[in-house]
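Report on one structure; see the data block that follows.
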Amino acid sequence: MTDKLIIFDTTLRDGEQSPGASMTRDEKLRIARQLERLRVDVIEAGFAASSNGDFEAVRAIAQAVRESTVCSLARANDRDISRAAEALRPAARARIHTFIATSELHMEKKLRMTREQVLEQARLAVRFARNLCADIEFSPEDGYRSDPDFLCRVVETVIDEGATTINIPDTVGYAIPELYGNFIRMLRERVPNSDKAVWSVHCHNDLGMAVANSLAGVKIGGARQVECTINGLGERAGNCSLEEVVMAVKTRRDHFGLEVGIDARQIVPASRMVSQTTGFVVQPNKAIVGANAFAHASGIHQDGVLKARDTYEIMRAEDVGWSANKIVLGKLSGRNAFKQRLQELGIEMESEAEVNAAFARFKDLADRKSEIFDEDIIALVGDESVTAAQEHYRLLSLAQRSETGERPHATIAFAAGDVEHRVESQGNGPVDATLKAIESKVCSGAEMVLYSVNAITSGSTESQGEVTVRLQHGGRIVNGVGADPDIVVASAKAYLSALSKLRSNAERVPAQS
Ligand code: KIV
Ligand code: ZN
């Protein structure tokens, strides 16, 4: 007999809390669709009460996603819970996830509430939520550092009020696998009505043990839901990584004896999409989704793998969605071949007009780049600076001059809404000159906290460059991503995209405040 492990993805909520990872409504919607293709059981789409933008994102995802349960976070108060319920109204399956801190430290210093007040607020919140939605998750924030006696009382109370999932967060990443596993087991054994709820684990990665702790919570503690994010995205050192937990449970089914509903072939596309959208690059040696995860450089390993694959491989690259770096399309490929490749890559277009626009961009790219890889198509479809119709700033044209011994010079034309601007500037290098020219008109005053260039397909200078620009202004951090065979053009696109986000994003309340 095997039972099922529920995969709860919180990339769009806890992952997005990572400074610089905030996403627009459309970006979240695109990722949610990919999470649905990945067949995650629950998508935590956001924190509806935190901002109008997040409310709209949760609602759009609730409307679009049909297979996965869509969830919104809510603090333990009526207003947050009502906002969550309202945003989730169009969902086929909805969940409200409400939380309040239960550790002495958080209750005393942050909430300034007594134990009894916290207990009462948790009770009333779950009672209120349960009247609006049948599927209620409750989290005692900083649960792992909470007094076990008090925690048992809180959990018993909220289960009595109708909570259907109990999630025990290691909010600050303090746990050790064996201790965390035993902690979950102890709670399940001591709470009298524990069998009325599904137990869930939620681990942060501050000591690099989020995945190990989550698996211990499952194996030792008997939890049947894991909360995780794509690429382990999340505040500070991040959250438990979805791809690692899923592949551990699938690969070591002999040990865990659990089923997961995930379609693992969608893991790499999901990883790429999240990395491209947030600008958080995946380290090459990252398990499962890192560029080197399946690369055998040493002669002994290569020899072994060629003779018998399982000498050095415990998983197959293609089973987690790696496709060979092969040329898929070229200049002569037609619209049908392009459309078919989009389908094979799991990229859905809303309308024929969108396919036509993407095809026009593909033709433009194919004129400048002889070999088009899957990665190029993914970048082309996801390039925010051309897809996001609501982007305020858009690149129109760019000319730059650089010569040994001369100061580089750039002239750029860009649109700001309906108005076209033409500006020029010098700089230390061509990219610097281009961004200075834009800034001379926009005057954002933003500080650049990250500028990075990555080759979309490795191994050749023919590759497109993907540029990420992270800007900080007035306490907010945003990312812009742009791709082009010319990295100066990619830089201009990325910068204009980041400026558009700075201009448009509304303020939001951080989840744990
Ligand atoms: O880490 C945490 O405690 C959380 C809760 C809000 C579930 O993200
Ligand atoms: Zn968290």
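Order of listing sets the numbers, starting from 1, for every ligand and every atom in it. Since this is a predicted model, take the numbers as computed values, not measurements. All heavy atoms count here, side chains included; hydrogens, waters and symmetry mates do not.
Shown in contact with H204 at under 4.0 Å from a heavy atom are these atoms of ligand 1, numbered in order with element: 1 (O). Short contacts between ligand 1 and P169, defined as distances under 4.0 Å to a heavy atom of the residue, involve ligand atoms 2 (C), 3 (O). The distance from ligand 1 to the heavy atoms of D14 drops below 4.0 Å at these ligand atoms: 8 (O). The distance from ligand 1 to the heavy atoms of S139 drops below 4.0 Å at these ligand atoms: 7 (C). Remark: ligand 1 atoms within the under-4.0 Å shell around heavy atoms of E141 are 3 (O).
Contacts between R13 and ligand 1 below 4.0 angstrom, taking non-hydrogen atoms only, involve the side chain exclusively.
The existence of a salt bridge linking E120 and R123 is confirmed by a sub-4.0 Å separation between a basic side-chain nitrogen and an acidic carboxylate oxygen. Between E466 and R272 there is no salt bridge, since none of the side-chain N atoms of the basic residue sits less than 4.0 Å from a carboxylate O of the acidic one. Under the 4.0 Å criterion applied to side-chain N and carboxylate O atoms, E244 and K286 are assigned as salt-bridge partners. Classification of R89 and E86 as a salt-bridged pair fails, no side-chain N sitting under 4.0 Å from a carboxylate O. Under 4.0 Å is where a charged nitrogen must lie from a carboxylate oxygen, and between E259 and R253 at least one such pair does.
Classified by interplanar angle (parallel below 30°, tilted 30° to 60°, perpendicular above 60°), the ring pair Y144/F183 is perpendicular.
Heavy atoms of H97 approach ligand 1 to within less than 4.0 angstrom.
Summary: OD2 is the N/O/S atom of D14 found nearest to the Zn ion (ligand 2).
Note: an N/O pair closer than 3.5 Å links T171 and ligand 1 by distance alone. On a distance-only criterion, N167 and ligand 1 share no N/O pair closer than 3.5 Å. The shortest N or O to N or O distance between H202 and ligand 1 is below 3.5 Å. At a 3.5 angstrom cut-off on N or O pairs, D142 does not count as close to ligand 1.
No donor-acceptor contact under 3.5 angstrom links the side chains of E116 and T114, judged on distance only. Between the side chains of Q225 and E227, at least one donor N or O sits under 3.5 Å from an acceptor N or O. A donor-acceptor pair shorter than 3.5 Å cannot be found between the side chains of Q63 and R59.
Between the Zn ion (ligand 2) and E235 there is no N/O/S contact shorter than 2.8 Å.
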